[in-house]
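Have a look at the structure below, then the notes.
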Amino acid sequence: MTLLFASKSDSGEDWRAELARLMPDRTVRIWPEIGRREDIRYALVWNPEPGMLATLPNLEVIFSLGAGVDGLLKDPALPDKPIVRMVEDGLTEGMTEYVVMEVLRHHRQIDAYRTRQRAGQWRPLPQKLAHERRVGILGLGVLGADAARMLAALRFDVAGWSRSAKTIPGVECFHGSDGLALFLSGCEILICLLPLTPETRGILNARTFAALPPGAYLINAARGGHLAEADLLAALDEGRLSGASLDVFATEPLPPGHPFWTHPRIMVTPHVASVTHVRGSAAHIVEGIRRYERGLPLENLVDRDKGY
Ligand code: NDP
Ligand code: OXD
């Protein structure tokens, strides 16, 4: 059995070493050194070159290095093989840390205190308690549900929105397009943790911002394609939104000179809200391969019709 690793943004050698440690009897090849294409049964990929997977005649399963598979699904020649996406504790923990950090940074008015510090001003601001602050999460999947539970444990007033109905203790759950407006109407902090699909592309737009309470804060850690960038800039200019924490962008890396770089009310991080850690994730891939070879159903399969 040969596995092909293909990613321009991860260290192939680190992955090869860890996979070899966990399954020494298997061969790992690192793209672009594919070797004999017929040997390859599994591919472990992040945004592979379109058409590349279609050149592997004996490919059986595609494993995604990321939780989001939008980059994979946009390949017009993507083989009709099962796709397993990344669901792994470290990835979930990292995202929840990022979400909690940005929620608390906004909730506790840290940017305003930094400004006051620079001006040498000792000037306390009125402060709400967490239970007086409604935080809403778009997407209540693996990542959204974990972040929701953690924010609820911090006593925030947490709501979430998903495609299907959900029950999460301590979280007010909304679903479907009918539930969106009511969900948005309360959110003082809106967090996007949706997959990027034709239905969710551009969901962070002027209409959505207009449905939020005035001065709401946006956190986008999902995909740049969710955000209508010009609408965000307009909403910030008008004071409709008070600020935004953005980890993902339509073009990555964020191009030099892009207005987000220097905007005083935008916090930019370079797609690091959460990252795939080799250790835990390699174990997850190996477990998937073992399950598959034992004839057990694969877990965390992507539903191509839904797009996530
Ligand atoms: P999941 O598939 O587990 O969850 C997706 C959630 O979105 C589900 O609750 C789903 O609803 C909901 N959803 C999907 N489509 C719609 C829709 N049209 N209307 C309403 N709700 C919808 O994904 P994860 O939580 O694992 O990951 C979410 C995303 O986070 C990834 O796709 C990726 O883009 C991003 N990500 C970003 C990272 C970063 O570092 N910035 C790191 C990792 C992931 P339902 O439950 O009903 O299906
Ligand atoms: C992912 C990501 O989807 O890192 O896992 O963006």
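We count residues from 1, following the sequence as given. Owing to the predicted nature of the structure, the values given are computational and were not obtained by experimental measurement. In each ligand, atom 1 is the first atom listed, and ligand 1 is the first ligand listed.
At a heavy-atom cutoff of 4.0 Å, ligand 1 is contacted by the side chain of T200 but not by its backbone. Within the 4.0 Å heavy-atom criterion, neither part of H175 lies near ligand 1.
Within ligand 1, the atoms closer than 4.0 Å to a non-hydrogen atom of M95 are 37 (C), 38 (C), 39 (C), 41 (N), 42 (C), numbered from 1 in the order shown. Those atoms of ligand 1 with a heavy atom of H271 less than 4.0 angstrom away are 39 (C), 40 (O), 41 (N). Interface of K166 with ligand 1, defined as ligand atoms under 4.0 Å from a residue heavy atom, comprises 45 (P), 46 (O), 47 (O). Shown in contact with D247 at under 4.0 Å from a heavy atom are these atoms of ligand 1, numbered in order with element: 39 (C), 40 (O), 41 (N). Listed by number with element, the atoms of ligand 1 under 4.0 Å from a non-hydrogen atom of L193 are 28 (C). Taking a cut-off of under 4.0 Å to the non-hydrogen atoms of V248, the atoms of ligand 1 that pass are 41 (N). For ligand 1, the atoms lying closer than 4.0 Å to a non-hydrogen atom of G139 are 6 (C), 7 (O), 9 (O). The contact set between ligand 1 and A222, taken as ligand atoms under 4.0 Å from a residue heavy atom, comprises 34 (O), 35 (C), 37 (C).
Of all protein heavy atoms, the one closest to atom 1 (P) of ligand 1 is R85 NH2, 3.3 Å. Of the protein's heavy atoms, P195 CD, 3.5 Å lies nearest to atom 5 (C) of ligand 1. Closest to atom 12 (C) of ligand 1 among all protein heavy atoms lies L194 CD2, 3.8 Å. Nearest protein heavy-atom neighbour of atom 37 (C) of ligand 1: A221 O, 3.0 Å. Residue, atom and distance of the protein heavy atom nearest to atom 6 (C) of ligand 1 are G141 N, 3.6 Å. Looking only at protein heavy atoms, the nearest one to atom 18 (N) of ligand 1 is E199 OE1, 3.0 Å. At the shortest separation from atom 21 (N) of ligand 1 among protein heavy atoms lies R163 N, 2.9 Å. Closest protein heavy atom to atom 25 (O) of ligand 1: L143 N, 2.9 Å.
Closest heavy-atom approach to atom 47 (O) of ligand 1 within the set C192, G68, S164: this belongs to S164.
Using modelled atom types, no side-chain atom of T96 and backbone atom of E93 make a donor-acceptor pair closer than 3.5 Å. For the pair H284 (side chain) and V87 (backbone), a donor-acceptor distance under 3.5 Å is present. Between the side chain of S162 and the main chain of G139, no donor-acceptor pair closer than 3.5 Å is present. Remark: the backbone N or O of G51 is not paired with any side-chain donor or acceptor of T55 at under 3.5 angstrom.
Between E299 and R85 there is no salt bridge, since no side-chain nitrogen of the basic residue lies less than 4.0 Å from a carboxylate oxygen of the acidic one. Taking the charged nitrogens against the carboxylate oxygens, R223 and D70 do have a contact shorter than 4.0 Å, which makes a salt bridge. Looking at E102 and R108, no side-chain N of the basic residue comes within less than 4.0 Å of a carboxylate O on the acidic one, giving no salt bridge. Using a 4.0 Å cut-off between charged nitrogen and carboxylate oxygen, R29 and D39 count as a salt-bridge pair. Salt bridge annotation for E18-R21: present, with a cationic side-chain nitrogen under 4.0 angstrom from a carboxylate oxygen.
When only interatomic distances are considered, the shortest N/O to N/O separation between K306 and ligand 1 does not fall below 3.5 Å. Among the atoms of L140, some N or O lies under 3.5 angstrom from an N or O of ligand 1.
Within 6.0 Å of the CD atom in Q121, the count of heavy atoms belonging to other residues, nucleotides or ligands exceeds 12.
Here the closest non-hydrogen pair linking A221 and V248 is C-CG2, 4.0 Å.
Both L78 and M52 are members of a single hydrophobic cluster when ILVMFWY side chains are connected at heavy-atom separations under 4.5 Å.
The closest side-chain donor-acceptor pair between D146 and T92, if any, does not fall under 3.5 angstrom. In this structure, a donor-acceptor pair under 3.5 Å is absent between the side chains of Y217 and R265.
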I'd like a table of the close N/O pairs between ligand 2 and the protein (anything under 3.5 Å), one pair per line with both atom names and the distance.
{"from": "ligand 2", "atom 1": "3 (O)", "to": "A67", "atom 2": "N", "distance (Å)": "3.2"}
{"from": "ligand 2", "atom 1": "3 (O)", "to": "G68", "atom 2": "N", "distance (Å)": "2.8"}
{"from": "ligand 2", "atom 1": "3 (O)", "to": "R223", "atom 2": "NH2", "distance (Å)": "2.7"}
{"from": "ligand 2", "atom 1": "5 (O)", "to": "A67", "atom 2": "N", "distance (Å)": "2.7"}
{"from": "ligand 2", "atom 1": "6 (O)", "to": "R223", "atom 2": "NH1", "distance (Å)": "2.8"}
{"from": "ligand 2", "atom 1": "6 (O)", "to": "R223", "atom 2": "NH2", "distance (Å)": "3.4"}
{"from": "ligand 2", "atom 1": "6 (O)", "to": "H271", "atom 2": "NE2", "distance (Å)": "2.6"}

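Taking the six-membered ring for Trp and the full ring otherwise, F174 and W161 have centroids separated by 6.0 Å or more.
Considering K128, H106, H107 in turn, K128 is the only one that fulfils the side-chain hydrogen bond (donor to acceptor under 3.5 Å, both in side chains) rule with E188.
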